[in-house]
Amino acid sequence: MLLLAGGPVHVRLAPDGSVAAYTGKVELGQGARTELIQAVAEEMRVGVERVKLVMGDTGLCPDDGGTWGSLTTPQTVPAMRQAAAEARGGGLTAPADWKVLGQSLKNVRGRDIVTGKQKYASDTKVEGMLHAAVVRPPYHRAKLLSVGELPGARVLWEGDLVAVVAADPVTAAAGAAQLKVAWEPGEFAAPPSDAEKLGSFFQTHSTPPVEGPGRYPPLIRKGDARGELERAGKTKESRYWLPYLAHVPMEPRAAVAVWKDGAVEILSGTQAPFSVRSEVAKALGIAESQVRIVVMPPGGAFGGKQRGEVDVEAARLARLAGAPVRVAWTREEEFTAGYHRPAGLVVIESALDSEGKLAAWVHRNYAAGAPGLPTPYDTPHVSCEFHRAPSPVRQGSYRALAATANVFARESHMDEWARELKVEPLAFRRKNIADARLLAVLEQLANVPGGLACTIEKDARIGLRAQVEVRGKEIRVRKLVYVGDYGAVLNPGNLRNQIMGALVMGLGGALFEEVEFEGNAQTSRFLTNYRVPRFSDVPEIEIRLLDHREIEAAGAGEAAIILVAPAIANAVFAATGRRLRSLPLKL
Amino acid sequence: VQNEEMLDEITLFVNGRSLTAAVPAHTTLLQFLRDFAGLTGTKYGCGEGVCGACTVLVDGKAVRSCTVRAAEAGGKKITTIEGLAVEGKLHSVQRAFLEVEAFQCGFCTPGMILGAVSLLRETPAPREAEIRRRLEGHVCRCGTYPRIVEAVRLASREVRRG
């Protein structure tokens, strides 16, 4: 095999004319594999069936970043195109001449999916493998005190990790259920289900942001926003709240670890093989070169599989057992042993000038995060701030991160102004937007009824109308009309699928999802007490795409999710006159 | 804790073949299929029978295999996703899911397809509301529900055309 191009991704031409390409990115249902194969096929001028794409294997692939932040489309696709064009020995194909990109190529693994052949991490089996069932504390941050004896069972215990291993998972789970383990309960630093108390805990324990570079700068300043607020005649202050959410991928986390000669290979369902490799190396006290992560396609991830909790457990237990070990979390473990989407408080203070245009905007996000802070509204005085605060429960990434919090707050706040001024919400936004592409998106929604939300997220211009029906305390979403300008559309069928999925997932966070706690324990532990969207929750969904081939494609796995809650909240206000500022929305 | 004496030898008729395994008492049909028979197309999603990922056909009807003991399925005809295509020819519901691309990560798809097969056997021409109601017990966290409804309608039209 001849190496023709290196760089951030590898594309190789084999003597038989087939093409092998390598990326550390992972296919998690977002269509990355198919899209990247399109990119290589386009630039190599070969049929898609000739392209073999190796993803997420730290032993074979370059470290081109974890699969997060909707970066595969804007970063990996261009890198792949470039590498493929170089391998062909030509220049990049002009978007107007695309023959493979821009087409709705179907998921290249579709047949394996509908026949049950696709192997996920939890389906993996290796020779001599033992199954582990980890014993979990019933409390938050509990300390292990003692481990009892269980004759006939093989108990592995190291530090805070206790598990029963057996040749089959039924026996292992039965053992773990019988094993007596004593824990000292920990306490939450603040009650995680209490919006009032947790919100003020965040405020009193937060650190003010400082300006700096990065993908999600925590402080965006222009003019003198606080001074302008004092000077202005017409001001408004509102507070918004978002609770902890669970990712609930259909496949709970799983990993199989195999040790050989002091090195460990892990078959994993992670989104981020290279950072999990570091995590495992650190936890096991070995060099990164002694760890290989081989990713099997995760059965959903949504930001929940970026860390290597289960990979570390499998590696530790396999070392203790002296045999390959599989750790596959139960649904209850998936709810309690991972991490959650951060809860957060957002406070917005704003002022209008005498012509009813935004004059000042002070946006403070406590605890949730910085993504989504930049405002798409043309405002002379701005201070958008992320105040970091400690979380009483483990938290981490989630689809769209804090853009959900920041956009829910901003788009609700815009609607509050429009209603107060008795101006059409769309007209009020139009008056404050300078971006021509976002204005074009709004134009598409001008004659569509419903609560409105729009923004610029990860370079995409997006807008949503939500039509709701309120009966008593029940909010029913009847129809969603979504317009998106993502620049060039690389695969229209897949893009529509991603947008639809993000909108449906957004319904959960908007209307009913919330991780709940009581005393020193989490009470949301099963699908029977944590509701996720089902068939009956899904309204009619219309998706319109504005295709701009000449503009680099924006990532699309996340953006749509962030408009759902504010569009519904704004529709609920129109229907009832009640302004709901906490998620999930409850009348 | 299990030991040798507590294993039950169970024979099940799966996808047209007899499969025998010695399994611990209380082993569910799902565990029998996945962990003892190597049929991993059937998925574990919740263990409570509320997500539908473990759906298989037992005598032609959709059953949540995580809620049934393997021993109770003796003498019955079990079909898993691996046994749905006949000699490499996909079932009309599988073809429709492919045609519509009614999936993303694909983890719920085997259970979803078998749920749809069972639904169409009982109701060959379901209305949209009927499809939603009958598949309500299946979760697709990727949110492809509208496409799944479309796929079931497509399969229904195909079946009726023969």
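Quick note on labels: first sequence line is chain A, next is B, and so on, each numbered from 1. Atoms considered below: every heavy atom in the structure, side chains included; atoms not considered: hydrogens, waters and symmetry mates. Quick caveat: nothing in here was measured; it's all calculated off a predicted structure.
- Highest contact tally toward chain B, considering only D123(A), I113(A), T528(A), is held by D123(A) [criterion: heavy-atom pairs under 4.5 Å].
- With 3.5 Å as the limit, one finds no donor-acceptor pair spanning the side chains of E101(B) and N497(A).
- Residues N15(B) and T80(B) have side chains that bring a donor and an acceptor to within less than 3.5 angstrom of each other.
- A cation-pi contact links R531(A) to F512(A), judged by a cut-off of 6.0 Å to the six-membered ring centre and 45° from its axis.
- Ranked by heavy-atom pairs under 4.5 Å with chain A, the first of E82(B), Q31(B), E48(B) is E48(B).
- Counting heavy-atom pairs closer than 4.5 Å to chain B, the top residue among L507(A), N494(A), D112(A), T115(A) is T115(A).
- Contact of K125(A) with chain B is made through the side chain alone, with heavy-atom distances under 4.5 Å.
- Residues G269(A) and K305(A) approach most closely at O-CD, 3.5 Å, considering heavy atoms.
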List the steps, then state whether side chain to side chain contact (heavy atoms under 4.5 Å, CB included) holds for Q94(B) with L84(B).
CA-CA 9 Å; Q94(B) 289 172 307; L84(B) 195 58; 3.9 Å; yes
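- With a 4.5 Å cut-off on non-hydrogen atoms, K117(A) does not touch chain B at all.
- With a 4.5 Å cut-off on non-hydrogen atoms, V504(A) touches chain B through its side chain but not through its backbone.
- Residues F36(B) and T27(B) approach most closely at CE1-CG2, 4.0 Å, considering heavy atoms.
- In this model, no donor atom of one side chain and acceptor atom of the other lie less than 3.5 Å apart for E158(B) and S92(B).
- Neither the backbone nor the side chain of E540(A) comes within contact range of chain B; no heavy atoms are under 4.5 Å apart.
- Chosen from R147(B), K43(B), R34(B), the residue pairing most often with chain A at heavy-atom distances under 4.5 Å is R147(B).
- Comparing T330(A), L28(A), L503(A) by how many heavy-atom pairs each has under 4.5 Å with chain B, the most go to T330(A).
- Proximity to chain A (any heavy atom under 4.5 Å) is shown, for T144(B), by both the backbone and the side chain.
- Residue contact with chain B, scored on non-hydrogen atoms closer than 4.5 Å, is absent for P297(A).
- For the residue pair E542(A) / Y482(A), no side-chain donor-acceptor distance below 3.5 Å is found, with atom types taken as modelled.
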Give every donor-acceptor pair under 3.5 Å between a side-chain atom in residues 49-60 of chain B and any protein atom, sequence neighbours left out.
residue, atom, partner, partner atom, Å
T55(B), OG1, G52(B), O, 2.6
T55(B), OG1, R64(B), NH1, 2.8
D59(B), OD1, K77(B), N, 2.8

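- Both the backbone and the side chain of L527(A) have a heavy atom closer than 4.5 Å to some heavy atom of chain B.
- For R111(A), the parts sitting under 4.5 Å from any heavy atom of chain B are the backbone and the side chain alike.
- When P110(B), C46(B), G41(B) are compared by the number of non-hydrogen pairs under 4.5 Å with chain A, C46(B) comes out ahead.
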Evaluate the criterion side-chain hydrogen bond (donor to acceptor under 3.5 Å, both in side chains) for residue pair K119(A) and T124(A); output intermediate values, then yes/no.
CA-CA 7 Å; K119(A) 292 271 185 250; T124(A) 311; over 6 Å; no
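- Taking chain B as the reference chain and counting heavy-atom pairs below 4.5 Å, the highest number among R109(A), Q498(A), Q118(A) is found for Q498(A).
- R153(B) pairs in a salt bridge (charged side-chain N to carboxylate O under 4.0 Å, His left out) with only one of the listed residues (E99(B), E128(B), E130(B)), which is E128(B).
- At a 4.5 Å heavy-atom cutoff, S104(A) makes no contact with chain B through either its backbone or its side chain.
- Contact annotation for R326(A): only side-chain heavy atoms (C-beta onward) come within less than 4.5 Å of a heavy atom of chain B.
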